[in-house]
Participant: 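Please read through the structure below; I'll follow up with questions.
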Amino acid sequence: MEHMIQLHIEKLPEGMYLATSDEVQGLVAQGRTIQETIEIARDVAKKLIEAQSGASVTPLKPVREAFDYPLIIAT
């Protein structure tokens with residue numbers, strides 16, 4: 001099953017990027033680029049969701065058929 005979560009990504013003063021999520025407790029990922037940070041966050045989220053699947057945690061909603069996606073284009 002696929003789930004969609006919202007990531008909060010911010011650039012740190014030292015140039016790295018940090019991703020967190022209010023929807024997946026404990027999700028913290030850091031990378032050199034936005035893409036690397038998203039990839040790390042995806043792996044961390046998957047492991048956390050699998051670990052929490054048996055616990056009494058509010059389940060995530062499955063992915064809808066249509067959703068908005070923020071597309072970032074560097075120029």
Side-chain angles (χ1 to χ4, degrees):
M1 177 180 287
E2 292 182 330
H3 301 280
M4 183 168 52
I5 63 170
Q6 294 293 319
L7 287 179
H8 174 75
I9 299 175
E10 62 181 283
K11 188 169 186 176
L12 300 174
E14 50 278 346
M16 302 285 281
Y17 291 90
L18 179 71
T20 58
S21 177
D22 292 336
E23 298 172 23
V24 179
Q25 184 179 359
L27 192 154
V28 178
Q30 187 174 341
R32 291 182 296 267
T33 65
I34 293 171
Q35 182 65 33
E36 180 182 54
T37 305
I38 291 170
E39 290 171 6
I40 294 168
R42 180 178 286 118
D43 291 340
V44 171
K46 182 178 178 182
K47 290 176 183 174
L48 287 170
I49 290 167
E50 289 172 354
Q52 295 171 356
S53 64
S56 60
V57 177
T58 305
L60 294 173
K61 297 177 184 174
V63 173
R64 300 180 310 239
E65 293 295 321
F67 55 89
D68 295 323
Y69 180 82
L71 182 63
I72 301 169
I73 301 173
T75 57

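Throughout, residue positions are numbered sequentially from 1 according to the sequence presented.
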Participant: Roughly how far, to the nearest 0.5 Å, is the CG atom of Asp43 from the CD1 atom of Ile38?
Facilitator: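 One gets 12.5 Å once the value is rounded to the nearest 0.5 Å.
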
Participant: So Leu27 and Ile5, do their side chains get closer than 4.5 Å, heavy atoms only?
Facilitator: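 In contact.
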
Participant: Would you list the atom pairs, donor with acceptor, under 3.5 Å between side chains in residues 11-21 and any protein atom, with sequence neighbours excluded?
Facilitator:
| unit_1 | atom_1 | unit_2 | atom_2 | d |
| --- | --- | --- | --- | --- |
| Ser21 | OG | Gln6 | O | 2.9 |
| Ser21 | OG | Glu23 | N | 3.1 |

Participant: Look up atom OG1 in Thr37 and atom CD in Gln35, then write down how far apart they are to the nearest 0.5 Å.
Facilitator: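 It comes to 9.0 Å.
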
Participant: So which atom in Ile40 and which in Ala29 form the shortest heavy-atom distance, rounded to 0.1 Å?
Facilitator: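 For Ile40 and Ala29, the tightest heavy-atom pair comes out as CG2-CB, 3.6 Å.
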
Participant: Mind checking whether Val28 and Ile9 sit in one hydrophobic cluster, side chains of I, L, V, M, F, W, Y counted as touching below 4.5 Å?
Facilitator: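 No: no chain of side-chain contacts under 4.5 Å links Val28 to Ile9.
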
Participant: Taking only residues two or more places apart in sequence, or in another chain, which ones meet Glu39 in a salt bridge (charged side-chain N to carboxylate O under 4.0 Å, His left out)?
Facilitator: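 Glu39 satisfies salt bridge (charged side-chain N to carboxylate O under 4.0 Å, His left out) with no residue once adjacent residues are dropped.
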
Participant: Using a 4.5 Å cut-off on heavy atoms from C-beta on, say whether the side chain of Val44 contacts that of Val24.
Facilitator: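 No. Closest side-chain heavy atoms not under 4.5 Å.
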
Participant: Can you see which heavy atom on Leu7 is nearest to which on Ala41, and at what distance?
Facilitator: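 What the structure gives for the nearest pair is CD1-CB, 3.9 Å.
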
